[in-house]
Amino acid sequence: MQILRNDAWSGSKVSSSEGSTDTRCLCGEKRRYYLRNGYALETKSTYPFGRPEIIVSMIGTNDLSGNVALGEEMFKGVRGEEEEYKTILSAFSLFCRRLHGEEGNGGTKIVHFLIPRGSDYGYANASGVTIAELSLQFERIAKAWGQYFIPLSYFNGIKPNTPKRWSCPTGSMFKNTIAVEFPSADGLHPNAMGMEAIADGVHRFLCSIM
């Protein structure tokens, strides 16, 4: 597979209290522009190989751990776009709706997923919203837009007591460019071994739909 664009930013959320001007927000205009055209706005670069066959988004963990209000899905935008940014489910609904209009009608497969907090499938934020509950809500919304959602079960290879810090292997290509240890809030990302566990689950799901 050919990667057309990787737009991974630290602290990204699907929701935002700032609304459409927030560049970290996945459903915001600027973030979606960066995804299509890169960060150098004056270059106007486009996908070099045409429309993507697959778009994959890993979202929701920062919203959940940040205790953003769950809210309700808003398929028709009743409250207006700026309000839709403020809660997790309304922002995810907006994100799916925009992807559906921009890419979904062209046959692009749109796949979302949410990772557990390390090995903790029972994780709940300060409001009592669990990772399992948010996963099911996201899956329901994604399916309503004809999109895919990878169930948490695809990541069940992640074992209990996952270390919070992974050591980078001595022979790693990264050893001379970044720190040997990868700090990680959830035991999965961003670190090399955690990313491998995530990639395995995503790969198995993509194979099932291709």
Side-chain angles (χ1 to χ4, degrees), residues 1-9 12-15 25-28 31-38 46-64 70 73-76 88-121 123 130-159 162 186-210:
M1 299 176 71
Q2 173 70 50
I3 295 178
L4 303 186
R5 182 80 65 202
N6 176 24
D7 193 54
W9 292 18
S12 292
K13 296 178 180 178
V14 66
S15 64
C25 175
L26 290 181
C27 58
R31 183 67 181 274
R32 284 162 47 249
Y33 184 88
Y34 290 150
L35 183 60
R36 276 189 166 275
N37 303 297
T46 56
Y47 293 132
F49 303 103
R51 183 182 293 275
E53 293 180 59
I54 303 171
I55 293 175
V56 180
S57 69
M58 184 184 83
I59 55 176
T61 55
N62 290 330
D63 300 87
L64 189 68
L70 188 61
E73 73 275 13
M74 298 171 65
F75 296 122
K76 297 182 180 179
I88 302 176
L89 297 186
S90 61
F92 184 63
S93 299
L94 176 60
F95 184 48
C96 289
R97 185 168 80 235
R98 284 180 162 169
L99 283 176
H100 175 77
E102 294 168 359
E103 307 291 354
N105 291 331
T108 298
K109 288 182 170 64
I110 300 169
V111 180
H112 309 280
F113 70 100
L114 177 68
I115 59 173
R117 298 288 295 180
S119 60
D120 189 358
Y121 290 82
Y123 173 86
T130 67
I131 200 89
E133 178 185 358
L134 185 57
S135 179
L136 290 174
Q137 295 274 31
F138 275 1
E139 183 174 11
R140 181 173 58 84
I141 294 170
K143 286 182 176 179
W145 288 103
Q147 299 168 19
Y148 297 93
F149 189 86
I150 306 176
L152 284 176
S153 60
Y154 274 79
F155 306 103
N156 61 12
I158 299 163
K159 305 300 182 184
T162 302
D186 58 15
L188 281 176
H189 81 298
N191 63 66
M193 294 178 72
M195 286 297 191
E196 287 183 6
I198 294 169
D200 175 68
V202 173
H203 176 257
R204 284 186 287 113
F205 183 83
L206 292 181
C207 285
S208 75
I209 65 172
M210 296 301 291

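Just so it is clear, the values below take in all heavy atoms, side chains as well, and ignore hydrogens, waters and symmetry mates.
Distance check, rounded to the nearest 0.5 Å: OG of S93 to CZ of R98 gives 12.5 Å. Note that CG of L206 and CD1 of I150 are 6.0 Å apart. Values are rounded to the nearest 0.5 Å.
Between M210 and I54, the closest side-chain pair of non-hydrogen atoms falls below 4.5 Å. Taking the side chain as every heavy atom from C-beta outward, E133 and L70 approach each other to under 4.5 Å. By the 4.5 Å heavy-atom criterion applied to side chains, L134 and L89 are counted as neighbours. In this structure, L114 and Q137 have side chains that are not in contact, with every pair of non-hydrogen atoms separated by 4.5 Å or more. Counting only heavy atoms from C-beta outward, the side chains of Y148 and S208 never approach each other to under 4.5 Å.
Looking only at distances, no side-chain donor or acceptor of S135 sits under 3.5 Å from a matching main-chain atom of A132. Side-chain atoms of D63 do not come within 3.5 Å of backbone N or O of I88 as any donor-acceptor pair. Side-chain atoms of T130 do not come within 3.5 Å of backbone N or O of Y123 as any donor-acceptor pair.
Residue F95 comes nearest to S57 through the heavy atom pair CE2-OG, 3.8 Å, listed as atom of the first residue, atom of the second, then distance. Residues P151 and E139 come closest through the heavy atom pair CG-OE2, 4.4 Å. Taking every heavy atom of both residues into account, A142 and C96 meet most closely at CA-SG, 4.2 Å. Taking all atoms of both residues into account, the shortest heavy-atom contact from I209 to K109 is O-CE, 3.3 Å.
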Starting from the C-alpha separation in whole Å, work towards a yes-or-no answer on side-chain contact (heavy atoms from CB on, under 4.5 Å) for I141 and F149.
CA-CA 9 Å; I141 294 170; F149 189 86; over 6 Å; no
Under the criterion side-chain contact (heavy atoms from CB on, under 4.5 Å), I'd like the reasoning laid out for H203 against C207: C-alpha separation, chi angles, the key distance, then a yes or no.
CA-CA 6 Å; H203 176 257; C207 285; 3.6 Å; yes
Using the rule given for side-chain contact (heavy atoms from CB on, under 4.5 Å), can you reason through S15 versus F92, listing the C-alpha separation, both sets of side-chain angles and the distance that settles it, and then say yes or no?
CA-CA 7 Å; S15 64; F92 184 63; over 6 Å; no
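For E53, the CD atom counts as loosely surrounded, since its 6.0 Å shell holds 12 or fewer non-hydrogen atoms of other residues, nucleotides or ligands.
Looking at V14, V56, I55, L99 one by one, the single match for side chain to side chain contact (heavy atoms under 4.5 Å, CB included) with H112 turns out to be L99.
Under the 6.0 Å cut-off for aromatic ring centres, F113 and F155 qualify, their centroids lying closer than that.
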